[in-house]
Each structure stands twice: as structure tokens, then as C-alpha cells.
Amino acid sequence: MEEVENSLGNLRQCFRSGRTRSVAWRKNQIRAVLKLIHDKEDAIFEALQQDLGKHPVETFRDEIGVVKKSANYALSNIKKWMAPKKQPLPLVFFPSKGEVLPEPYGVVLIFGSWNFPISVALDPLIGALSAGNAVVIKPSEQAPACASFLANMLPLYLDDSAIKVILGGANESEQLLQHKWDKIFFTGSTRVASRVMTAAAKHLTPVTLELGGKCPAILDSLSSPSDMKVAVKRIVGGKWGACNGQACIGIDYVLVEDKFKSTLIEILQKYIKRFYGENPRKSGSISRIINKNHFERLQNLLKDPFVADSIVHGGSLDEEALYIEPTILLNPPLNADIMNEEIFGPLLPIITVDNIRESVDFINSRPKPLAIYAFTKDETFKRQILAETSSGSVTFNDALVQFLCDTLPFGGVGQSGIGRYHGKYSFDTFSHEKTVMQRAFFPELEPRYPPWNDFKLKFIRLAYDFDYLGLLLLMLNLKR
């Protein structure tokens with residue numbers, strides 16, 4: 001606790017000194033992040049192999065590449081993002097000017113996640129640095145190799161008077177939350193997020209919560225066989241391609257019309273074999289389950305006899321190797337745990353409906369998801385999905401790709417999260433937009449104040465009906 005207090009005190013002193021506010025400092029720190037991931041690429045590969053068994057290709061795509069992209073985008077735009085934005089003012093205030101000035105919050109706390117332990121620590125860090133904040137990063141203890149990498153390497157590359165890494169588990173996280181922060185950024189489960197928000201409320205600290213939920217994929221009838229194959233291939237990638245289903249934006253289940261279920265299962269099996277071989281365990285291209293606790297949680301989802309009976313592909317488990325085969329289930333009971341909690345693993349339920357438009361009601365009967373993926377060419381159906389559902393994002397005819405777009409915000413709604421980031425939205429997340437208004441001393445109109453009367457009230461009403469016309473007349477002191 002004393003170490004945290006000392007670190008926090010030093011960070012506050014650094015921030016108050018103005019050190020973090022200059023364009024040069026912000027750019028230098030982000031360039032240092034780029035240099036870190038360039039110099040230590042092999043070490044990052046090794047750390048992610050130790051923690052999650054990630055293949056280097058997956059690591060570069062989802063961890064290193066994401067950070068490089070975000071850093072380069074920020075470097076190209078920081079000066080523009082920092083600039084005050086002029087805003088028009090009513091004529092009645094002439095001569096005057098108004099603007100919105102982004103300013104850093106101060107000292108911010110970033111909680112990393114274990115499924116993408118490098119990118120989900122460094123990507124928000126880039127946003128916090130571009131906004132001019134001092135930062136504490138708390139990596140997930142469930143990815144210890146990556147946490148150790150961040151703790152050892154960041155001080156060698158970044159300004160350690162303004163950026164700190166604090167290691168530890170749940171106790172250390174609770175200690176951090178007891179302190180007053182100027183902003184908290186958390187990525188993780190809804191259960192832990194509620195504790196983060198409760199702690200933040202004591203100090204009225206603003207929070208960004210990147211959570212998850214059961215993200216559905218809707219597979220409409222696609223008349224072209226080639227379109228169907230592309231859709232299912234993207235579903236396979238959206239389920240098992242990112243950390244073996246251990247991703248908040250990964251596909252949780254698929255909704256499809258009953259008459260297409262056999263075709264869907266057949267093509268799913270085909271692409272699972274094409275991507276991961278006859279024995280996915282030996283492919284080296286699929287991540288393992290993070291630890292024994294999560295393995296047991298997923299194993300318990302399959303222990304329900306009715307759920308086990310719904311397995312149509314896969315289902316094999318190896319606890320020693322923390323391996324679960326890509327598994328497809330057809331219509332497991334809707335009241336089972338597998339359909340009422342985020343799966344966060346390589347299990348894919350298929351839920352059939354008589355008409356694909358029923359999928360909208362199905363989604364609306366559950367908490368709002370982080371993402372909805374809909375594979376359809378029906379423009380009317382697209383408009384229905386957009387108008388009648390609520391989610392963090394909607395992607396048509398692909399999965400996960402919205403996460404990679406710096407020009408689009410990433411975030412949830414309801415139980416899937418609060419706030420957003422990526423690109424300019426990361427800068428905004430770690431900035432306060434301060435209103436600045438400047439007026440001149442001349443001319444000065446001296447209105448006659450009370451006693452008020454009904455006639456003057458009419459002018460006040462006009463002020464809101466005709467763009468301050470009534471207020472202008474009142475200031476000119478027109479009387480009955």
C-alpha cells in the first residue's frame with residue numbers, strides 16, 4: 001500500500017509539473033512504445049506462447065500489429081486532436097469567441113486483460129499518453145509472462161516518472177481502487193467491473209468499462225453457395241481465430257433457420273478441419289485455455305446431460321494440456337448455463353429459428369451484446385436489425401474486423417460496457433473537453449433589472465424562440 005501511495009504521489013507531482021502536456025513529450029512516449037514492440041518482438045512472441053500458447057502469426061495480428069497501427073495513427077493526429085475547436089456563439093454575445101479545449105484528466109489507471117495482455121494494455125496506454133496523462137498500468141496476473149514483460153520493459157523505454165506498471169492479483173487491484181484516480185479504464189468481466197465502478201463512485205471517478213457479453217451471429221439464407229461458404233468461414237474465424245474463443249468480441253452463438261442447420265454444420269466442420277487440421281490439438285495454430293479455473297468453468301458448461309447430448313462436433317478435453325477441441329452444439333437448452341453466461345471459450349451453440357427475423361426478438365430477450373454479426377444481403381432485414389436491437393456495434397457479413405478500425409469507436413452498451421476507445425475516441429476517452437468563452441469589455445449594454453413585469457417575460461420567451469432575439473431586445477432596455 002505504501003508503495004502505491006508513493007508511486008501515485010510521484011505521478012501526481014509529475015503531472016502537475018506540466019511535463020506530460022507538451023506535444024513533444026506525448027509523441028516521444030508513443031514512439032517509445034513503437035520502439036519497444038519492434039525491439040522486443042521475439043520476447044512478446046515468447047511471453048504469449050507461455051501464457052496462452054498463441055502462434056506468432058496470431059500474436060502479431062492481434063497484439064503487436066494492433067499496437068503499431070494505433071501508435072502510428074496517434075502520431076499522425078495528436079497535434080490536430082489537441083487543438084482547440086472553435087464553436088459558433090449567438091449573435092447577442094458579439095464580440096466574443098467560444099471553443100472547446102481538450103485537457104488531460106491527470107493520473108489514470110488502466111487495467112489490462114489476460115486474453116490480449118499486450119494490446120489491451122498498450123492500446124489504451126497510447127490513448128492516455130496522446131491525451132497527456134500520467135498512467136498506471138495494472139496487467140492481469142492471469143497472464144504472468146506478459147505482465148512481467150510489461151513491468152520490466154516499459155520503464156526502460158518510457159518516461160518512468162509518468163508511467164508506472166504495478167503487478168499483483170486481486171488484493172493489489174483492490175488496493176489500487178481504494179485510491180482516488182482521475183480516470184479508470186477497465187477491460188474484463190461484468191462481475192469485476194461492478195466492483196471497479198463501485199470503488200470509482202466513492203471518488204466520483206469517471207470510468208470506461210470494456211466488457212463483453214453473448215455476441216450473436218445471425219446467418220440469413222444466402223442464395224449463393226459461395227456466399228454461404230464465405231460467411232461460415234468468417235464465422236469460424238470469428239469464433240476460434242481470436243484466442244480460441246476467449247475474446248469479448250468473439251462470436252458466442254449462431255442463429256440460423258432450422259432448414260439450414262445441416263448445411264451450416266457441414267461447412268463449419270469443413271473449415272475447422274481446413275484451418276486446424278484433423279487434430280486441432282496438434283496444429284499449433286489454436287490458443288489454449290488460459291488456466292485450470294477457466295478450463296473447469298468451460299468443462300462444467302458441458303456437464304449438463306442435455307447440453308452434452310447437443311454436441312454435434314468436437315467435445316474432447318485435455319485438462320493437463322488446458323486444451324478443449326473446437327466444439328459445435330445444436331440447440332442446447334436455452335435455460336442452461338451455456339446459453340445464459342458468456343462462454344469465452346471454444347464452444348459454439350447453434351440455435352435454430354423458423355424464420356430468421358425471429359432472431360431479433362431472441363437477441364432482445366437477452367442482455368445487450370458487445371457486437372452483433374449479421375450475414376445477410378437483405379437490406380430490409382439489415383435496417384430491422386439496426387432499428388430494433390441495441391449493441392456496442394453491428395457488423396454485416398464479417399466478424400471481429402470492426403475492432404481494427406481506428407476511425408470507428410469500440411465499446412459496449414448496458415452490460416457489455418460503458419464508454420469507447422480506438423483512434424480519436426481513445427484520445428477523447430482520456431481527455432476532458434473544457435469549455436472556453438471569451439468576451440470583450442465593449443460594448444456594454446446596461447439593462448434595467450427588476451421590477452420585472454409580464455411584458456418583459458414575453459421578451460424572455462422570445463429569447464428561446466428566435467435565437468436570443470428577445471434577450472437582445474431586453475438588453476437594449478425597450479419598455480412598454
Side-chain angles (χ1 to χ4, degrees), residues 1-16 20 100 102-114 120-121 123-125 127-129 131-142 162-213 248 341-342 344 366-370 390-392 409-422 425-435:
M1 179 69 76
E2 183 177 351
E3 179 184 354
V4 173
E5 289 178 354
N6 291 337
S7 294
L8 190 53
N10 292 336
L11 289 170
R12 291 203 180 282
Q13 184 177 357
C14 176
F15 178 75
R16 284 194 295 267
T20 68
V100 174
E103 65 175 10
Y105 273 115
V107 180
V108 303
L109 173 62
I110 296 173
F111 284 100
S113 69
W114 56 260
V120 176
D123 197 0
L125 173 65
L129 295 175
N133 295 280
V135 186
V136 168
I137 297 177
K138 168 58 180 69
S140 172
E141 71 280 6
Q142 297 187 61
I163 299 105
K164 303 287 185 184
V165 179
I166 295 180
L167 299 179
N171 289 337
E172 285 72 19
S173 295
E174 292 291 343
Q175 289 177 15
L176 287 171
L177 289 172
Q178 291 175 22
H179 294 273
K180 185 183 186 308
W181 303 89
D182 297 302
K183 175 81 184 213
I184 297 175
F185 186 102
F186 171 82
T187 302
S189 69
T190 303
R191 176 181 56 83
V192 179
S194 65
R195 296 211 296 269
V196 172
M197 199 167 183
T198 298
K202 295 177 182 177
H203 302 289
L204 300 180
T205 300
V207 297
T208 294
L209 305 177
E210 296 296 339
L211 310 178
C248 59
E341 63 180 61
E342 186 177 7
F344 224 71
R366 285 157 169 73
K368 297 176 181 180
L370 180 58
S390 179
S391 59
F410 177 79
V413 60
Q415 290 188 2
S416 62
I418 298 171
R420 56 189 185 173
Y421 74 120
H422 284 183
Y425 301 98
S426 292
F427 177 88
D428 293 342
T429 285
F430 289 101
S431 300
H432 164 64
E433 292 189 326
K434 180 163 61 179
T435 295

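Values below: all heavy atoms of this structure, side chains included; hydrogens, waters and symmetry mates excluded.
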With Leu8, which of Ile166, Val107, Leu176 fulfils side-chain contact (heavy atoms from CB on, under 4.5 Å)?
->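 Looking at Ile166, Val107, Leu176, the match for Leu8 under the side-chain contact (heavy atoms from CB on, under 4.5 Å) is Val107.
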Minimal non-hydrogen separation, [X] against [Y], with atom names:
X      : Y      : value
Asn133 : Gly106 : OD1-N, 2.9 Å
Thr20  : Ala162 : CG2-CB, 4.0 Å
Cys248 : Glu342 : CA-OE2, 3.7 Å
Gly392 : Val413 : N-CG1, 3.7 Å
Ser113 : Ser140 : C-CB, 3.7 Å
Phe15  : Gly132 : CE1-O, 3.5 Å

So [Y] and [X], do their side chains get closer than 4.5 Å, heavy atoms only?
X      : Y      : result
Asp182 : Phe430 : no
Tyr421 : Phe410 : yes
Leu125 : Ile137 : yes
Leu177 : Phe111 : yes
Leu370 : Leu211 : no
Lys368 : Ser391 : no
Ile163 : Leu129 : yes
Pro102 : Phe427 : yes

Say you draw a straight line from CZ of Arg12 to OG of Ser7; how long is it, rounded to the nearest 0.5 Å?
-> 12.5 Å
With side chain to side chain contact (heavy atoms under 4.5 Å, CB included) as the test, would you mind laying out the steps for Phe186 and Val192 before giving the verdict?
-> CA-CA 9 Å; Phe186 171 82; Val192 179; 3.6 Å; yes
Is any NZ, NE, NH1 or NH2 atom of the basic residue among Glu210 and Arg420 found under 4.0 Å from an Asp or Glu carboxylate oxygen of the other?
->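 Here Glu210 does not pair with Arg420 in a salt bridge, since their nearest N and O are not under 4.0 Å apart.
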When you check the side-chain N and O atoms of Thr205 and Lys180, is any donor under 3.5 Å from an acceptor?
->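 Not at all, the side chains of Thr205 and Lys180 share no donor-acceptor pair under 3.5 Å.
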